[in-house]
Amino acid sequence: MLRIFLYLCSIKIIIGSFIGRKMNIVILDGYSANPGDLSWDELKTMGEVTVYDRTSPSETVARAAEADIVLTNKVVIGKAEMDQLPRLKYIGVLATGYNVVDTETAHERGITVTNVPAYSTESVAQMVFAHLLTVTNRTEHYAIANRECRWTNNKDFCYWDFPHMELSGKTFGIVGLGNIGMRVATIANAFGMRACAYTSKSQDQLPSFIEKKSLEALFSESDVVSLHCPLTPDTHHLINSETLQMMKPSAILINTGRGPLIDDQAVAEALAEGRLAAFCADVLTEEPPKASNPLLSQPNAFTTPHIAWASTEARVRLLQVAINNVRSFLNGHPQNVV
């Protein structure tokens, strides 16, 4: 209670120091969230706003030097940056994950850090099944082939180049059962799939259609494995040569969580050797990836460029929550503090 009281007192002191002058708000990398189809106008009613599309590490301090408030998506604000930004009182992360900010240092210095939770749940869950259906139905492959007259020149009324998989009755394994994982389980159930999860929740906390499993059982039983756990030292390279050996050779692995949850080389080798049927990812260990990334040359690896979060609807929610976070901070009642 004392800690909370002291924190609230510090917020009041900070807000009091703002009275009588206009806030200087700097957005360090606004392009990915808002490439121009949305508006920062509401934020501009709260202060003087400067928007940079992108900011390199060498530009961060100079651009944020006069900022009271900084918004960042992927630009890192660590201890070294904070050491050179004595005016900074608030960091708003334009994402759910906030590993780009040294929160420990921020807390020590009375800098409030907020994030935007759960804005992209529907969009990411939708991307999981877009990837899955790409593998099971190959609609894009056939659309491209038919533009090149493959069907026109076919001897029969239909053709197929790949075996099709029916999802109903298959086992869908989910690692991590937060907002997105739970939504994915619900959709899998709607497809008639058996949903199982590796989760810290107990079985009696789960809906009746989700079975709690050990990690080894989930890997060995699942026809589809989808990763929705946070990236921690324990989950770094969760998918590696050893865990891949637990999976069925016919399994489909999907990662829309964090790139380093998987060992790129191990997954590429499993695909090349037929020990994994397909790998689908919206995230990779390094973004943008180098051309030498072994997954990019694998025909059964399907990657999208970290866009699962980026539907128009999700980005509208993202900006609105981020702007509301700033307003709440300025009103002395910060929300979504991390």
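All values derive from a computational prediction rather than experimental measurement.
- Aromatic rings of F191 and F129 (six-membered ring for Trp) have centroids within the 6.0 Å cut-off, being under it.
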Could you pull out every donor-acceptor pair under 3.5 Å between side chains of residues 244-251 and any protein atom, sequence neighbours left out?
residue	atom	partner	partner atom	Å
K248	NZ	E221	O	3.2
K248	NZ	D223	OD1	3.0

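- Interatomic distance, T199 OG1 to L177 CG, rounded to the nearest 0.5 Å: 4.5 Å.
- Residues I210 and Q203 come closest through the heavy atom pair O-NE2, 2.9 Å.
- Between atom CG of residue N325 and atom CG of residue L94 there is a gap of 9.5 Å, rounded to the nearest 0.5 Å.
- In the model, N240 has a side-chain atom that pairs as donor or acceptor with a side-chain atom of T243 under 3.5 Å.
- Closest heavy-atom contact between I254 and V128: CD1-O, 3.9 Å.
- Between the side chain of S222 and the main chain of F219, no donor-acceptor pair closer than 3.5 Å is present.
- Listed for the Q298 side chain is no donor-acceptor partner under 3.5 Å among the backbone atoms of L295.
- Ring centroids of Y142 and F162 are separated by 6.0 Å or more, keeping the two rings apart.
- Without hydrogens or angle criteria, N255 side chain to R258 main chain gives a donor-acceptor distance under 3.5 Å.
- Taking the ring-ring contact (aromatic ring centres under 6.0 Å, His included) definition, one finds that F279 meets it with nothing, sequence neighbours left out.
- Taking the six-membered ring where the residue is Trp, F329 and Y90 present tilted rings, their angle falling between 30° and 60°.
- With salt bridges taken as basic N to acidic carboxylate O contacts below 4.0 Å, one links R275 and E273.
- Side-chain contact between L261 and H236 is absent, with no heavy atoms from C-beta onward closer than 4.5 Å.
- Taken from NE2 in H228 to CD1 in I180, the straight-line distance is 7.0 Å, to the nearest 0.5 Å.
- Side-chain polar atoms of N24 and D68 form no donor-acceptor pair below 3.5 angstrom.
- Residues L319 and I27 share a hydrophobic cluster, clusters being chains of Ile/Leu/Val/Met/Phe/Trp/Tyr side chains in contact below 4.5 Å.
- With hydrogens and angles ignored, the 3.5 Å screen pairs a side-chain donor or acceptor of R317 with a backbone N or O of Y119.
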